[in-house]
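Below is one structure, written out as structure tokens, with a few remarks after it.
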Amino acid sequence: TVNAKGISINLKKAGVDMGVMSVAEVSIDPKNVIASEKLQRLDLLQTTLCNQIKSLPSGDSSKNSVRLKYINTLLEMLSISNNPDSIL
């Protein structure tokens, strides 16, 4: 969530438009920054796991455990996306 507060003033002198003066304050909810950073790390992890799964030969005994880590990572990403407050 980005919060913005501000004020604008139209400047006129003797009926002549002199422009607009604006002042604003913008803030970002820190929970979204934290969630975004966590999602970036998890995205890198899921990409790494995906590449690892693709590189393992079929029948490799570790392939199922890597798939499980991949699925759990995707589920964690989905959970954070649906509820950023969950990581605080």
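Here the structure is a predicted model, which means the values were calculated and not measured.
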Single-linkage hydrophobic cluster, 4.5 Å side-chain cutoff, L78 and L42 together: no
Atom pair CG/CE of N10 and M18 - distance to nearest 0.5 Å: 12.5 Å
Distance-only side-chain donor-acceptor flag, Q46 / D43, under 3.5 Å: yes
Over 12 non-hydrogen atoms of neighbours within 6.0 angstrom of NZ in K69: no
Point-to-point distance, once rounded to the nearest 0.5 Å, from CG of L68 to NZ of K63: 15.0 Å
Within-4.5 Å side-chain heavy-atom neighbours: S55 and I53: no
Pair V20-I9, side-chain contact (heavy atoms from CB on, under 4.5 Å): steps then yes or no: CA-CA 6 Å; V20 177; I9 301 171; over 6 Å; no
L49 vs T73, side-chain contact (heavy atoms from CB on, under 4.5 Å): CA-CA, chis, key distance, verdict: CA-CA 9 Å; L49 290 168; T73 301; 3.7 Å; yes
Any K38 side-chain heavy atom under 4.5 Å of E76 side chain: yes
Neighbour count >12 (heavy atoms, 6.0 Å) for atom CG, L75: yes
Interatomic spacing from CG in L39 to CG in L45 - rounded to 0.5 Å: 12.0 Å
Rounded distance [0.5 Å steps], OH in Y70 versus CG in N51: 9.5 Å
Distance in Å, N72 CG paired with S79 OG, rounded so as to fall on 0.5 Å steps: 12.0 Å
From CA spacing to verdict: side-chain contact (heavy atoms from CB on, under 4.5 Å), L56, S62: CA-CA 8 Å; L56 289 171; S62 65; 3.8 Å; yes
